[in-house]
Amino acid sequence: MLLQLSSWQEAEAFLERSRTIVIPIGSNEQHGPTGLLGTDWLCPEIIAHEAQKTGDMLVGPTFNVGMAQHHLGFPGTISLRPSTFIAAIGDWVRSLSLHGFEKIYFLNGHGGNVSSIEAAFSELYAEASFAHRPAGFALKLRNWWDLSGVVKLAYRQFPSGHGSHATPSEIAVTQWAYPDAIKSANYAPQIASSGPIREALDFRARHPDGRMGSDPGLATPEKGGELVALAVQGLIAEVAAFGAEAPPA
Ligand code: NI
């Protein structure tokens with residue numbers, strides 16, 4: 001069930017049977033010469049939308065802009081600074097909590113978001129701790145590639161040239177879901193170099209076409225489909241376990 005395609009009465013009825021919601025979260029940022037700008041929010045959205053087809057899982061709207069300041073040297077990138085991102089995550093959680101959601105699961109698609117999402121969780125828990133009251137909700141963050149077995153499959157599919165940005169695995173997932181948007185380019189070098197992540201001008205100077213350590217030319221829609229199928233299994237199992245987690249006695 002997708003929250004954005006439901007009425008408020010349907011959301012209310014869902015809350016009668018479950019207090020768990022999945023929020024895909026990512027970033028809109030450059031992904032090299034052939035990767036879609038939406039790659040990092042499309043991947044978790046694709047996986048969550050597939051997963052909700054198979055059972056009674058509620059998926060909320062995708063939080064599709066994240067912490068991407070280092071990619072701002074490339075057109076099409078949209079970034080929130082960490083403080084804005086943390087504040088916005090806080091209000092999403094407060095809104096959902098207000099209506100009774102108690103288990104809020106963020107399925108993330110961008111490594112650069114992790115520290116800010118974790119800081120947002122700490123800010124939210126601190127509100128309860130300083131007020132000496134229960135938070136009323138539990139929060140969980142999972143990167144889609146960290147779902148059971150997914151990284152292992154990706155390294156089996158792409159033993160070299162996986163890299164860390166504009167990776168063939170994330171590009172394969174978008175190719176599977178959006179075959180009409182597949183692009184090609186001559187990569188030079190075939191496998192991009194790696195390096196530190198600092199500010200936008202430094203990033204573009206080190207990584208002129210936007211890739212980091214990757215050869216996106218290895219991606220195929222078929223490999224993307226395998227990754228999605230495995231990630232969907234992992235997500236369903238994890239969300240069920242999170243939803244069933246009992247509060248402390
Ligand atoms: Ni990415």
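Both ligands and their constituent atoms are indexed starting at 1 by order of listing. The structure displayed is predicted, hence computed values, not measured ones.
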Practice item. May I have the angle between Asp40 OD1 and His31 NE2 with its vertex at the Ni ion (ligand 1), rounded to 10°? Key: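 It comes to 90°.
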
Practice item. Could you walk me through whether Phe85 and Ile117 pass side chain to side chain contact (heavy atoms under 4.5 Å, CB included), step by step? Key: CA-CA 8 Å; Phe85 190 38; Ile117 297 173; 4.0 Å; yes

Return all side-chain donor-acceptor pairs below 3.5 angstrom for residues 56-64, not counting sequence neighbours, or 'none' if the list is empty.
from, atom 1, to, atom 2, distance (Å)
Asp56, OD1, Arg17, NH2, 3.1
Asp56, OD2, Arg17, NE, 2.6
Thr62, OG1, Glu45, OE1, 2.6

Exercise for review: Considering just N/O/S atoms, say which atom of Glu170 is closest to the Ni ion (ligand 1).
Suggested key: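 It is OE1, the N, O or S atom of Glu170 closest to the Ni ion (ligand 1).
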
Exercise for review: Examine all N, O or S atoms of Glu29, backbone included, and report whether one is under 2.8 Å from the Ni ion (ligand 1).
Suggested key: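 It does not; every qualifying atom lies at 2.8 Å or beyond.
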
Review point. Got a sec: is His110 within less than 2.8 Å of the Ni ion (ligand 1) via an N/O/S atom?
Key: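 No - counting backbone and side chain alike, His110 has no N, O or S atom under 2.8 Å.
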
Exercise for review: Indicate yes or no for a side-chain donor-acceptor contact from Glu245 to the backbone of Ala241 under 3.5 Å, with no hydrogens or angles considered.
Suggested key: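 No; zero donor-acceptor contacts below 3.5 Å.
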
Practice item. Could you list the residues that satisfy ring pair (Phe, Tyr, Trp, His ring centres under 6.0 Å) with His71, not counting sequence neighbours? Key: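 Listed in chain order: His165, Phe203.
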
